[in-house]
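Accompanying notes for the structure given below.
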Amino acid sequence: MANPIVTRFAPSPTGYLHIGGARTALFNWAFSRHTGGKMLLRIEDTDRERSTDAAVQAILDGLKWLGLNWDDEPIMQFSRAQRHAEVAQELLARGQAYYCYCSPEELNQMREEARAAGKPPRYDGRWRDRDPSAAPEGVAPVIRIKAPQTGEIIVQDHVQGKVVFKAENLDDFIILRSDGTPTYMHAVVVDDHDMGVTHIIRGDDHLTNAARQIVIYNGMGWTVPEMAHIPLIHGPDGAKLSKRHGALGVEAYRQLGYLPEAMRNYLARLGWSHGDDEIFSTEQMVKWFSLEDLNKGAARFDFVKLESINGHYIREATPDYLYGVMLSTAKEVGRDVDHAGLVANKDTVLAALPELKPRAKTVLELIDLGQFIYATRPLTIEAAAGELLTPEVREMLADLADILRGLNEWSVPSSDAAVRAYAEAKGLKLGKVAQPLRVALTGRTVSPGIFEVMVFIGKEEALARLAEQAQRR
RNA sequence: GCGCCCUUCGUCUAUCGGUUAGGACGGCACCCUUUCACGGUGCAGAGAGGGGUUCGACUCCCCUAGGGCGUACCA
């Protein structure tokens with residue numbers, strides 16, 4: 001353990017933890033766990049206007065829910081402003097940076113002229129070699145880094161490979177604002193260095209920033225960390241991920257009924273792979289994770305596949321675990337009736353869960369599927385289900401109620417035998433009898449096996465529901 | 001505009017010069033079955049286009065097209 005790996009996740013608290021950020025965190029986490037290193041958390045709150053405490057909390061909650069634990073205390077970037085300023089001063093002292101007294105108007109004009117001339121809009125370096133004594137009165141200067149003017153800057157990236165930027169395309173960007181606060185570019189470098197970050201894994205929207213940041217590393221004579229710029233997640237249309245296409249905060253996925261283990265598995269497969277493996281545990285992911293298996297192309301977010309994977313994890317989960325998630329989800333999304341019903345019928349729900357599991361893709365669906373257990377009469381009948389209840393069918397339900405009432409033993413085999421005998425006597429296929437029963441007992445066309453349903457709700461309730469529908473002739 | 005990145009079935013991906021281009025989701029068909037699922041079997045479905053390099057390219061190089069990101073005293 002000579003040089004432990006240190007990764008970091010560095011979100012800005014200007015909103016919830018979105019899906020792309022969650023995946024970036026997942027990869028940082030997996031890599032650090034795989035190598036036995038650390039993953040640090042840094043909240044990039046230097047944008048005082050847009051940063052909020054609520055967002056910080058949402059990010060922490062999101063990471064916790066996903067099971068992505070970080071090492072050490074989270075670092076608040078803004079609290080390090082003084083150190084950022086110090087480094088800027090040192091760069092100044094080293095002759096690697098300089099004061100610039102340009103006004104915003106001057107800068108704008110510079111950009112417009114460059115654009116008009118078909119050139120990249122960059123700072124022209126007019127204060128780079130100017131004597132500070134030429135400084136105008138009363139203007140607070142910014143500090144700019146001296147970027148190389150010739151040659152090239154090479155970003156050696158674990159995902160993108162060797163990426164070359166010509167020095168002429170980089171300008172002397174600002175590292176310290178006129179109010180003395182650091183820019184993002186500068187703060188990131190100083191913090192990553194001070195925190196001992198060895199591997200930077202982040203979205204490839206930062207790839208060009210990497211070149212600029214290398215200029216600062218070089219200016220300070222610091223070692224540039226290893227880098228891995230992962231492709232962004234796109235929406236189903238290939239364009240930017242929009243809200244309706246999955247750009248939701250992770251808490252939204254929780255409220256939609258997705259399991260954290262399913263999210264981890266799904267997200268891991270978006271841009272990373274281990275051969276043909278699709279379903280794998282988090283332990284396996286950690287064991288297999290490697291930067292070399294990261295993809296270069298952007299992936300599209302696909303709710304359907306997420307659902308499929310979520311369904312898999314629901315099927316695999318124990319009733320106890322699922323029951324707990326159903327409770328917390330019902331509570332979180334304000335489904336009070338369901339919450340109360342689940343609490344009052346814990347044993348029955350637990351017993352029914354093995355039957356419910358294979359039918360649900362999300363926890364919300366699981367809750368819906370279990371509603372027949374605590375539903376109160378008059379039972380709400382789904383529209384599609386109600387169409388089945390013709391007068392003849394209601395008559396049949398009355399017959400069935402009579403037969404079932406006479407049963408001495410209330411069990412799956414006994415009701416099964418009784419209903420089958422009835423169907424046979426009437427010359428009906430079992431399905432013709434079972435489906436109306438299902439509708440009368442659950443109000444839906446989808447439910448566990450109908451004899452199991454009868455056992456779950458008990459004889460009294462079953463007969464009462466049957467009677468209710470039979471009477472409406 | 002300029003710079004950089006990307007491009008295998010509809011989607012996520014395997015392939016690291018030689019494969020009938022494999023898997024998963026989705027779709028379709030069939031089986032199982034009291035519904036719906038689950039499960040099982042099978043089918044359809046891809047190397048953006050054009051040039052090279054090579055005995056041989058999905059794989060290496062170039063061009064084009066399409067998409068993405070960046071181009072702030074935002075992060």
Side-chain angles (χ1 to χ4, degrees), chain A residues 10-14 44-47 49-51 77 100 102 104 107-108 111 114-122 140-144 155 157 159-161 163-166 168-171 173-179 181-185 187-188 203-212 229 231-232 234 236 238-240 266 269-279 292 295-302 304-309 311 315 355-361 369 385 388 416 419-420 423 429-435 437-439 442 444-451:
Chain A
S12 18
T14 52
E44 309 213 319
D45 57 348
T46 52
D47 183 341
E49 296 290 307
R50 298 194 299 150
S51 298
Q77 188 162 59
C100 165
C102 288
L107 258 16
N108 262 330
R111 271 191 285 271
R115 198 179 288 270
K119 289 179 184 169
R122 354 175 282 254
V142 297
I143 296 181
R144 287 180 183 272
V155 177
D157 193 271
V159 175
Q160 310 293 343
V163 183
V164 179
F165 292 88
K166 289 198 184 72
E168 61 200 72
N169 290 315
L170 261 31
D171 64 357
F173 56 92
I174 295 170
I175 58 174
L176 207 71
R177 302 187 185 106
S178 53
D179 65 1
T181 60
T183 58
Y184 161 78
M185 213 64 77
V188 164
D204 72 7
D205 49 337
H206 288 292
L207 189 54
T208 44
N209 288 338
R212 294 179 224 284
H229 286 90
L232 267 18
H234 288 172
K240 196 172 176 169
Y266 175 70
R269 289 290 289 111
L270 234 42
W272 177 81
S273 62
H274 181 264
D276 281 339
D277 294 306
E278 296 287 345
I279 300 285
E292 277 56 52
N295 277 135
K296 306 180 83 169
R300 300 181 188 204
F301 190 84
D302 182 10
V304 177
K305 185 148 187 178
L306 205 212
E307 282 208 339
S308 162
I309 290 179
R315 271 173 261 134
E355 291 293 323
L356 268 22
K357 287 199 301 184
R359 279 163 251 263
K361 299 272 194 226
L369 248 14
L388 234 71
D416 186 321
V419 173
R420 273 180 205 277
K429 293 179 84 173
L430 186 52
K432 290 290 181 192
V433 182
Q435 195 60 2
L437 272 176
R438 184 184 325 280
V439 173
T442 69
R444 297 168 185 268
T445 54
V446 177
S447 85
I450 197 62
F451 306 118

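- The partner of B:A57 cannot be assigned: no Watson-Crick or G-U wobble pair with both contacts below 3.5 Å exists in any strand.
- The base-pairing partner of B:U15, taking Watson-Crick or G-U wobble contacts with both distances under 3.5 Å, does not exist among the strands shown.
- Between B:C6, B:C12, B:C4, one nucleotide has an atom nearer to the side chain of A:Phe165 than all others, and that is B:C4.
- Map A:Lys357 and A:Pro141 each onto its nearest nucleotide of RNA chain B; the residue landing nearer the 5' end is A:Lys357.
- In this structure, A:Asp45 contributes its side chain and A:Ser51 its backbone to no donor-acceptor pair below 3.5 Å.
- Nucleotides B:A44 and B:G1, compared at atom P, are 44 Å apart to the nearest Å.
- The phosphate of B:C2 has neither OP1 nor OP2 within less than 4.0 Å of any side-chain N or O from A:Lys166.
- For B:G26, there is no paired nucleotide, since no Watson-Crick or G-U wobble pair has both relevant distances below 3.5 Å.
- When each of B:C5, B:G23, B:C73 is scored by its nearest atom to the side-chain atoms of A:Pro104, the top-ranked nucleotide is B:C73.
- Looking at A:Asp205, its side chain has no donor and acceptor atom pair within 3.5 Å of the base of B:G70.
- Around CD of A:Glu292, the count of heavy atoms belonging to other residues, nucleotides or ligands within 6.0 Å exceeds 12.
- One donor-acceptor pair, N or O on each side, does fall under 3.5 Å between the base of B:U34 and the side chain of A:Arg438.
- Remark: A:Arg315 is in phosphate contact with B:G39, judged by side-chain N or O atoms under 4.0 Å from OP1 or OP2.
- Nucleotide B:G39: paired with B:C31 (Watson-Crick or G-U wobble, both distances less than 3.5 Å).
- Of the side-chain N and O atoms in A:Thr208, none sit less than 4.0 angstrom from OP1 or OP2 of B:C69.
- Counting only heavy atoms from C-beta on, A:Leu207 has its side chain closest to B:C4 among B:C4, B:A75, B:G23.
- Comparing B:A72 with B:A48, their P atoms sit 34 Å apart, to the nearest whole Å.
- Pairing each heavy atom of A:Leu232 with each of A:Ala298, the nearest pair is O-CB, 3.3 Å.
- Checked by atom type and distance alone, the side chain of A:Thr14 never pairs as donor or acceptor with a backbone atom of A:Arg50 at under 3.5 Å.
- Taking only distance into account, the side chain of A:Lys305 meets the base of B:A24 through a donor-acceptor pair shorter than 3.5 Å.
- In this entry B:C4 has B:G68 as its Watson-Crick or G-U wobble partner, both defining distances falling under 3.5 Å.
- Of the listed nucleotides (B:G68, B:U34, B:A37), B:G68 has the atom at the smallest distance from the side chain of A:His234.
- OP1 or OP2 of B:U34 sits under 4.0 Å from a side-chain N or O of A:Arg420.
- You'll find that the side chain of A:Arg300 is closest to B:U11, out of B:A14, B:U11, B:A75.
- Remark: B:G45 base-pairs with no nucleotide in the shown strands. Criterion, Watson-Crick or G-U wobble with two distances under 3.5 Å.
- Note on A:Val304: only backbone sugar-phosphate atoms sit closer than 4.0 angstrom, heavy atoms only; bases stay farther off.
- At B:C73, none of the side-chain N or O atoms of A:Ser178 fall inside 4.0 Å of OP1 or OP2 (strictly under the cut-off).
- Proximity note for A:Arg111 (side chain, C-beta onward) versus B:A72, B:A37, B:U34: the nearest is B:A72.
- The residue A:Asn209 sits close to a base: some heavy atom pair falls under 4.0 Å.
- Closest to the side chain of A:Tyr184, from the set B:C5, B:U11, B:A75, is B:A75.
- Out of B:C25, B:C12, B:C69, the shortest distance to the side chain of A:Leu232 is found at B:C69.
- Under 4.0 angstrom from either OP1 or OP2 of B:C4 there lies no side-chain N or O belonging to A:Asn169.
- Within the 4.5 Å cutoff, side-chain heavy atoms of A:Arg438 are placed close to those of A:Ile450.
- For A:Arg359 against B:C36, a side-chain N or O and a base N or O form a donor-acceptor pair under 3.5 Å.
- Looking only at distances, no side-chain donor or acceptor of A:Tyr266 sits under 3.5 Å from a matching main-chain atom of A:Glu307.
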